[in-house]
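These notes are about the structure you will find just below.
In this text, all values refer to a predicted model and were calculated from it rather than measured experimentally.
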Amino acid sequence: MSNSDTSHHVTFLTLFGRFVAMGDVNMVVKLHDLFTNKLMLTELYFEKEFWGTEISKVCRPDEPSQVSSLVADNIPFVASADIAGCDHWAAWNWDFNTFTDGDIGDLKVPVSVPQKSMKRKDDITEEVQLREYIGSFDQLVDASEQRESPPPYLRAWQYRDFAASGHLAGDYSEPEWAIDYFSRLKEDAPKFKWLFVGPAGVRTPLHVDPCLTHAWMAQVKGRKLWKLVPPSSLQYLVDDGGFADLSNIDRKRFPDHSKAAIHEVILNPGEVIFIPQGWAHDVTTLDHGIAITHNFLSKEGFTKVVRQACLSKVLTSKVSEESAA
């Protein structure tokens with residue numbers, strides 16, 4: 001870098017370190033957003049210090065005391081509602097009538113219609129009435145089998161944005177081990193709180209969740225098949241064209257795919273799964289289902305995740321570009 005580049009770099013590092021030390025989450029996140037982008041996937045997740053603990057299978061803790069340690073160590077797990085500290089939720093009593101009766105059933109919701117490419121960017125979004133969508137689950141499954149692609153999916157629904165459905169947020173609370181550090185941003189916090197509703201066969205292909213967050217999903221109805229890929233294996237399943245399709249891996253594009261560790265686990269009703277930051281996942285709904293999911297930035301992982309993201313090679317290239325402009 002030139003002297004000017006170095007000056008900008010040092011100034012940023014000094015400011016960033018100061019904000020981290022002060023615990024100024026708002027400024028740290030703004031800097032994080034400014035100096036990072038989607039290239040963090042290749043620049044960050046291939047760094048060994050972010051690979052975490054290698055596992056032979058997805059953990060199923062049998063004591064509530066084990067959960068916080070697993071989260072802190074970035075180890076995925078599936079736990080029953082009582083072990084996860086969520087057994088008091090009224091949301092476990094939801095059924096499909098919860099989403100079809102009354103005003104909530106009249107809502108127009110954005111349903112993703114997958115294309116044969118199985119790339120989410122190619123999905124077509126259609127606005128449909130929620131009651132009509134749920135009532136047509138069996139027909140949607142039959143139609144998807146004929147066209148050889150998954151059924152339409154109400155994926156990552158921002159239900160809190162609607163008066164008719166916002167009250168559902170009162171039926172559950174964030175687990176104590178999953179407090180979102182982004183919440184300190186108040187009204188500027190990312191909206192990483194979603195519902196997933198869909199018929200059997202809906203699928204979310206392999207991806208990594210946004211902003212280096214952890215995630216949890218609570219399965220209310222139906223079952224989901226999860227395929228989890230640790231950061232250490234992403235190098236075998238990602239190229240310039242995106243992620244491999246785990247249902248039909250292109251062996252020419254991904255000749256070393258067999259080296260990747262892929263952990264499969266079924267999430268049953270009444271269970272919660274934890275997905276650490278950086279873990280890619282492919283999820284297929286096995287039955288008509290309802291699930292709640294939140295992404296969160298943990299306090300324990302704050303300095304590691306945000307500091308390393310900001311100080312990655314993306315930062316250096318970004319500063320150089322701005323200095324040259």
Main-chain N/O of [Y] paired to [X] side chain as donor or acceptor, under 3.5 Å:
X    : Y    : value
S136 : E132 : yes
D239 : G241 : yes
D250 : R253 : yes
E126 : V128 : no
E271 : N268 : yes
D282 : P205 : no
W177 : A84  : yes

In chain order, what residues pass the salt bridge (charged side-chain N to carboxylate O under 4.0 Å, His left out) check against K193, with sequence neighbours excluded?
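If we apply the salt bridge (charged side-chain N to carboxylate O under 4.0 Å, His left out) test to K193, skipping adjacent residues, the hits are E174.
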Identify, with sequence neighbours excluded, every residue that meets side chain to side chain contact (heavy atoms under 4.5 Å, CB included) alongside [X].
X    : result
A169 : Y159, R160
D138 : H288
E127 : K108, P110
Q66  : P61, D62, E63

Under 4.5 Å between any side-chain heavy atoms of [X] and [Y], yes or no?
X    : Y    : value
I275 : P76  : no
N93  : T98  : no
I273 : W216 : no
V78  : V272 : no
W157 : L195 : yes
T125 : V111 : no
H281 : K227 : no
I262 : L246 : yes

*Qualifying ring pair (Phe, Tyr, Trp, His ring centres under 6.0 Å) pairs, either residue in residues 244-277, two or more places apart*: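 As it turns out, the ring pair (Phe, Tyr, Trp, His ring centres under 6.0 Å) pairs with a partner in residues 244-277, which skip direct neighbours, are F77-F274, H214-F274.
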So, R203 and D245, do they make that salt bridge, N to O below 4.0 Å?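 So R203 pairs with D245 through a salt bridge.
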Got a sec, which residues hit side chain to side chain donor-acceptor pair (under 3.5 Å) with [X], two or more places apart in sequence or on another chain?
X    : answer
D101 : none
H294 : Y172
W226 : none
D82  : S80

Residue pairs passing the salt bridge (charged side-chain N to carboxylate O under 4.0 Å, His left out) test with at least one member in residues 89-98, sequence neighbours excluded, are none
Please check if L286 and I292 belong to a single hydrophobic cluster, counting links between Ile, Leu, Val, Met, Phe, Trp and Tyr side chain heavy atoms closer than 4.5 Å. no
* Do I104 and W92 share a hydrophobic cluster, counting only Ile, Leu, Val, Met, Phe, Trp and Tyr and linking them when any side-chain heavy atoms are less than 4.5 Å apart? ->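 Yes.
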With a 6.0 Å cut-off (strictly less than), is the heavy-atom count around CD of Q139, excluding the residue itself, greater than 12?
yes
task = Using distance alone, with no hydrogens and no angle criterion, decide if W94 and D171 have a side-chain donor and acceptor under 3.5 Å apart.
result =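 The criterion, which ignores hydrogens and geometry beyond distance, is satisfied for D171 and W94.
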Hydrogens and angles aside, do R155 and T204 bring a side-chain donor and acceptor to less than 3.5 Å of each other? yes
Heavy-atom closest pair (P150 atom, S144 atom, distance to 0.1 Å) is C-CB, 3.8 Å
Applying ring-ring contact (aromatic ring centres under 6.0 Å, His included) to F192 and not counting sequence neighbours gives W194
Subject >> Ring-ring centroid check F137 F96, cutoff 6.0 Å >> reply: yes
